[in-house]
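To keep things clear, I will list the structure first and then write my remarks on it.
The model shown is predicted, which means the values in this text are computed figures rather than measured ones. FYI, side chains are in, hydrogens and waters are out, and symmetry mates aren't considered; it's all heavy atoms of this structure. Just so you know, ligand 1 is whichever comes first in the structure, and atom 1 is the first atom listed for that ligand.
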Amino acid sequence: MKKIIVTGALGQIGSELVGKLRAIYGTDAVLATDIRAAQQDGPFEILDVTEGKRMHELAKDFGADTMIHMAALLSATAEKNPVFAWNLNMGGLMNALEVSRELNLQFFTPSSIGAFGPSTPKDNTPQDTLQRPTTMYGVNKVAGELLCDYYFTRFGVDTRGVRFPGLISYATPPGGGTTDYAVDIYYKAIEEGKYTSYIAEGTYMDMMYMPDALQAIVDLMEADGSKLVHRNAFNISAMSFEPSQIAAEIQKHIPSFTVEYDVDPVRQAIADSWPNAIDSSAAKAEWGFKAQYDLASMTVDMLEKLKK
Ligand code: SER
């Protein structure tokens with residue numbers, strides 16, 4: 001990675017990834033793009049990812065050698081508008097893969113635990129297993145994983161990807177995900193001392209602290225391609241918990257903190273269709289994936305940063 005174009009640069013992951021990439025590769029080495037304008041400390045262009053010609057022009061003019069394609073709708077938003085989700089998530093991905101083929105770019109896009117469904121083994125979910133998701137987001141993610149494999153085997157595009165779990169960050173509030181409760185709970189703990197969870201007690205999902213997610217992208221992209229057996233959509237997870245466990249962890253620091261439940265049936269159904277805990281051993285074996293943060297250390301850091 002020397003000259004990197006990032007789509008969805010103002011999104012949940014993109015807004016922190018751009019800073020990390022600029023710190024490693026240089027401010028001018030990263031072209032941030034998004035559908036809306038924003039103040040940036042480096043190169044920035046407006047880009048609607050459904051416009052393939054403009055995407056091609058921007059990547060070419062920038063002299064990019066890498067495409068990191070982040071622009072997409074998350075699970076709960078996609079469920080509200082499935083046709084728009086298909087057009088944006090799949091149209092954007094096809095354009096990004098085509099531009100990468102045309103300009104010979106190394107390519108990254110994230111898949112998700114959302115690529116699994118109710119028939120997937122729920123515990124220690126294997127890297128290679130049944131994938132019959134029941135959400136539009138999941139359908140997009142499975143199709144995306146297959147497309148990335150296809151562009152590698154058919155055209156030799158160096159496509160790489162991971163299945164991210166729920167990502168937790170103090171910097172950017174997420175938008176429209178099912179796992180977002182595990183971000184909101186920290187904000188509300190500090191602001192109001194209590195939280196009403198839309199996910200039911202006992203619902204386990206995989207999670208990861210954002211610094212580990214960003215490092216995973218860099219590590220996978222820098223890994224020796226000849227060692228990658230899977231290339232796309234590596235399971236990665238740092239922890240698995242359910243709402244009362246994260247609440248108990250927060251209570252260690254804010255003893256008066258309380259949690260109530262008012263379950264949202266749509267997001268609960270999505271969560272119920274996803275694994276409890278996935279197996280990251282392929283990512284560990286093939287490119288050395290490692291997470292630094294667990295629930296306890298993430299909670300210390302989140303509360304400290306958010307209080308500021
Ligand atoms: N965090 C995402 C979501 O909940 C999962 O990929 O939609």
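- Taking the six-membered ring where tryptophan is involved, the planes of Phe234 and His230 are perpendicular, since the angle between them exceeds 60° and thus also 30°.
- The only option from Thr27, Leu17, Ile4 that meets the side chain to side chain contact (heavy atoms under 4.5 Å, CB included) definition with Arg22 turns out to be Thr27.
- Near ligand 1, residues Leu74, Ser75, Ser112, Tyr137, Gly177, Thr178, Thr179, Trp274 come within 4.0 angstrom through at least one heavy atom.
- A cation-pi arrangement, defined by a distance under 6.0 Å to the six-membered ring centre and an angle within 45 degrees of its axis, is absent between Arg160 and Phe108.
- Ring-plane geometry between Tyr137 and Trp274 is classed as tilted, the angle between the planes lying from 30 to 60 degrees on a 0 to 90 degree scale.
- The aromatic rings of Tyr170 and Tyr209 sit tilted, their planes meeting at an angle between 30° and 60°.
- In this structure, Lys3 satisfies the cation-pi test against Phe62, with its NZ or CZ atom closer than 6.0 Å to the six-membered ring centre and inside 45 degrees of the ring normal.
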